[in-house]
Amino acid sequence: MPDPKQGTLQEAWQEGAAKANTEYVRRRITIDPITRLEGHGKIDVFLDEAGKVERAYFQVPELRGFEKFVQGRPAEDMPQITSRICGVCPTAHHMAATKALDDLYHVDPPPAAKKIRELVYNTFMTEDHALHFYFLGGPDFVVGPEAPAAERNVLGVIAKVGVDVGKKVIAMRRRLRELIALAGGKVIHPVLGLPGGVAKRVTSEAQKQFREVAGEAVDFAQFTLQLFEDVVLKNSDYVSLILSDIYTHRTYYMGMVDDSNHVNFYDGSIRVVTPEGGEWKKFRPQEYLDNIAEHVEPWSYVKFCYLKPVGWKGFTEGADSGIYSVAPLARLNVADGMATPLAQQAYAQFCSVLGGKPVHHTLANHWARVVELIYAAERMKELADDPQITDPTVRILPTQKPTEGVGVVEAPRGSLIHHYWTDDRGVIEKANLIVATQGNAARIAMSVEKAAKGLISGTNIPEGVLNKVEMAFRAYDPCHGCATHSLPGSMPLLIRVRDQSGNTLAALRRDFNGSVHRD
Amino acid sequence: MAEKPKVAFYWCASCGGCDETVVDLAEAVLDVVAAVDIVFWPVAMDFKRKDVEAMPDDAILATFVNGAIRTTEQEEMAHLLRRKSKLLLAFGSCSHLGGIPGLANLFDRESILQAVYCESPSTVNEEGVLPSVRHNDNGHSVELPGFYETVRTLGQVVDVDFYIPGCPPTARILRTALQTLLGGELPPKGTVLAPDYALCEECPRKDSKPVNLSISQFKRPQEVLIDEEKCLLTQGLLCMGPATRGGCEAPCVQGNMPCTGCCGPTSRVRDQGGKILSSLASLLESKEEGEIDQALATIPDPAGSFYRYGLPSSLLRRRKLPDSNLEPPKVR
């Protein structure tokens, strides 16, 4: 016969333990994986006992180690090897690497070669920005953040703007990509970059094609701005969403500018402005190590960039924290204007409607991207029209000993830095890469946390939270048009609420077709 | 209505370029969507791993996996997808041969982590913090997949039915492969779904390659103004064409740069690097051993050039590790 006393003790023990567990239970929400990210991404949200968000982690669970395995490779192979960092924006890595080779070999490419590179680069920027607007970010605004989930996708965009526009976007993108292949051999992993120039000249036949498509691209970009005005700016709900505190962070901003402090994607100096908008510093790409540092966290494979002189103060914003932001909004914040007329007009409107710079609203990235789209298309047209673009002199053979070289471009997703050191034969001894997404990594982590804190409470997660949390990182353009091109459907998401030992308490799933259900 | 065949896409250690190829099918991707039911594609669709786990075994007709196997998570996914798929395809150089991430096999895991998180000149990490598989951050247990010592191909981890070559595969190669799969008449298991001849056969500069080509030394692309018409080997450039499978229509050569070998060897060749070495040696002017060595010494990085995309699948596989970290790979 069991000892009744012992039974009571046992019960009491269990009761106490259960109480303690309830006190300390940390609920956990995992979004794994998130998509529209090139590579893999994961968000882990921890709730306290009251169901409030305590901490959210934006994790990158992947590493390939390019900095190490490029050691021993010939420097001239870097434009093709490093483009394999990203198959969505290979042209950005290819071009940063090629510019690093110019610097490494102390060689200045002939004018036609520089123009061909910039032409190809702006063709790429046009294609990439258009893709994000229509297929990644667009659905949130064109269809609406609170539209039925089933419509909040590229098909919804097409339904809203018309099938003809949808076809126009697909055709535009294909033609722009064909031009990159024409000049660069391949569109995914082009081969044109060499120290001192490009491998292939632009024939007058090719120029004709570039001019034709560039003209259409300018019209297309203006049409896109009109669409943005009609759909977003004329809707006060959207404007207040953009301005809402949940999507706002006061950080430093970084981007490349030309001598007149206009946005430039291909060449220039790096300019940084403070959270108040004043110039913090303007420096040559070669001086990046004095200004940019990377922080390591044990819970992510990605390193978090910050301004070295200001220092790493954790995931906090403001002038005392070295966290900065890159990409379209940051570029517009650091610039004094745009170098082409239509883009300048759009820029002025952007600044005045949003109450002057710096604009701290993350969602304004979408608008900034359209302003940049106009610039990319206009710049593409200028270069395609330039008679010098067909000059057959596209190479200068380097004669000096290679030593060390830095190359910077503005990737669609922000400042991208390649830095190589070689031996006398031009074989890589050391390489340092600061990729665009790292420049936003800390701010994205904060944005996701802020959105989670503002939107998630307890296990009873409203369905709208799915899209609102997504919007917090999507505005930065997390690389990756792949997902959304011609395929119908909304971004699928899984939110799991788990207890401390990993048991699922609740799961909310949004399917490819946009329907949301509880598992 | 008869059920459409189920197809899945997944990515491992890769760049996303293979997924872009699927998108670059452009209008044809709509035909694909009409012909099949895509049941898993994390980059575009409901990526719930649980959904795949809940499927009966062999429920998916064909799964296309791009990327090499670098982390524990990737290996788990490879096994899961193998179980659920009638056909498993290695899609693109990384899963076919190891790809450019496979060059990491010239190093060990520890030196990679040190280079990235400690030695990088812009990284400030005095305490030597490294990402870890399980980290307790103020009571929050946060996990990451483990990072293996060695990069492996998909075929080295699970049984693979077919291979689609290229970095990335061209849209044409992919289209043809899809037609083959949906056509019903499957080729023998293990087939690489692309033409089985060397790239030189379809090179637009084929006719400019002399019958008795002879080379005295190799030149690097920055050392020579490259003629836009002439065979690149004839110009002394290291072109992997003779040792590389064709089918891509030589886009790199059309960009006036040499082939770097991304489609791997033809079926008659076991080791792509060995093949190019013997091809080049036979083209050398001199037949004296010392002079051959001298000529080959003008290639600064034989391992990285001959095995750019195929080190993990080659006979070499990887640089020898100290005994302490031999396989099976440890994870952090």
Side-chain angles (χ1 to χ4, degrees), chain A residues 33 35 38 44 46 55 57 61 63-65 67-69 72-74 76 80-81 84-88 90 174 184-186 188-189 191-192 194-196 199-200 289 292-296 298-301 303 395 397-398 425 427 432 434 480 482-487 489 492 494 509 511-512, chain B residues 13 15-21 23 26 29-30 33 42-48 70-71 73 100-101 103-104 106-107 111-112 115-117 120-125 129 131-132 135 137 139-140 142 144-145 147 167-168 220-223 225-226 228 251-252 254-257 260 300-301 304:
Chain A
T35 62
E38 192 277 308
D44 246 339
F46 290 85
R55 182 82 172 87
Y57 298 86
L63 168 74
R64 282 169 295 160
E67 288 93 333
K68 187 64 188 182
F69 67 70
R73 315 282 78 77
E76 68 271 18
Q80 289 191 43
I81 291 179
R84 267 74 181 192
I85 291 170
C86 175
V88 181
R174 195 185 59 241
K186 296 162 77 182
I188 306 170
H189 309 314
V191 302
L192 79 158
L194 283 169
K200 191 179 161 187
L289 278 176
I292 298 172
E294 298 167 284
H295 168 79
V296 182
W299 45 266
S300 184
Y301 280 117
K303 292 186 282 184
R395 295 274 308 276
L397 298 186
R425 295 188 311 154
V427 172
N432 197 37
I434 294 188
H480 325 135
C482 344
T484 44
H485 186 50
S486 303
L487 282 171
L494 165 69
R509 178 162 57 94
D511 277 340
F512 175 55
Chain B
C15 69
C18 292
D19 292 87
E20 269 284 3
T21 290
V23 174
V29 86
L30 299 173
V33 172
V43 81
M45 312 175 70
D46 191 345
F47 33 65
K48 232 170 123 184
R70 169 91 270 189
T71 68
E73 181 187 64
I100 280 184
L103 288 172
L106 292 168
F107 303 91
S111 70
I112 292 168
V116 175
Y117 299 106
S120 138
S122 44
T123 301
V124 178
N125 186 9
V129 172
S132 65
H135 171 71
D137 189 61
H140 306 136
V142 205
L144 285 173
F147 186 76
C167 182
R220 291 160 68 181
Q222 72 269 34
E223 295 170 350
L225 291 174
I226 306 170
E228 291 193 18
C252 298
Q254 298 198 40
N256 204 27
M257 287 288 278
T260 54
D301 174 28

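Just so we're on the same page: letters track the sequence lines, and every chain starts at 1. Please read these numbers as outputs of a predicted model, since none were measured by experiment.
- In this structure, A:C86 SG and B:E20 CD are separated by 8.5 Å, a value rounded to the nearest 0.5 Å.
- Contacts of B:Q254 with chain A are made by backbone atoms alone, with heavy-atom separations under 4.5 Å and no side-chain atom involved.
- Considering SG of B:C167 and NZ of A:K186, their distance stands at 5.5 Å, rounded to 0.5 Å.
- Rounded to the nearest 0.5 angstrom, B:T123 OG1 and A:N432 CG are separated by 6.5 Å.
- Note that CZ of A:R425 and CZ of B:R220 are 7.0 Å apart. Values are rounded to the nearest 0.5 Å.
- Within the 4.5 Å cutoff, the side chain of B:I100 has no heavy atoms near those of the A:R64 side chain.
- Per-residue counts of heavy-atom pairs under 4.5 Å with chain B were compared for A:G184, A:P398, A:G196, A:G65; the largest is that of A:P398.
- In this structure, chain A has no heavy atom under 4.5 Å from any part of B:C18.
- Here the CD atom belonging to A:E76 is positioned 4.0 Å from the CD atom belonging to B:Q222, to the nearest 0.5 angstrom.
- Put simply, the side chain of A:Y301 gets close to the backbone of B:P145: a donor and an acceptor are under 3.5 Å apart.
- A donor and an acceptor atom, one from each side chain of A:E294 and B:S120, are located under 3.5 Å apart.
- Both the backbone and the side chain of B:Y117 come within contact range of chain A, with heavy atoms under 4.5 Å apart.
- For A:K303, the part sitting under 4.5 Å from any heavy atom of chain B is the side chain, from C-beta outward, and nothing else.
- Two residues are said to be in side-chain contact when any heavy atoms from C-beta on lie closer than 4.5 Å; B:S122 and A:I292 fail this criterion.
- Separating the CG atom in B:N256 from the NZ atom in A:K200 is a distance of 7.5 Å, to the nearest 0.5 Å.
- The contact between B:N125 and chain A is made entirely by side chain atoms (from C-beta outward), counting heavy-atom distances below 4.5 Å.
- Residues B:L106 and A:R73 meet the side-chain proximity criterion, which asks for heavy atoms closer than 4.5 Å.
- Of the residues considered (A:I188, A:L194, A:I434), A:I188 shows the highest number of contacts with chain B, using heavy-atom pairs under 4.5 Å.
- Annotation: side chain of A:V427 is not in contact with side chain of B:D301 (no heavy-atom distance under 4.5 Å).
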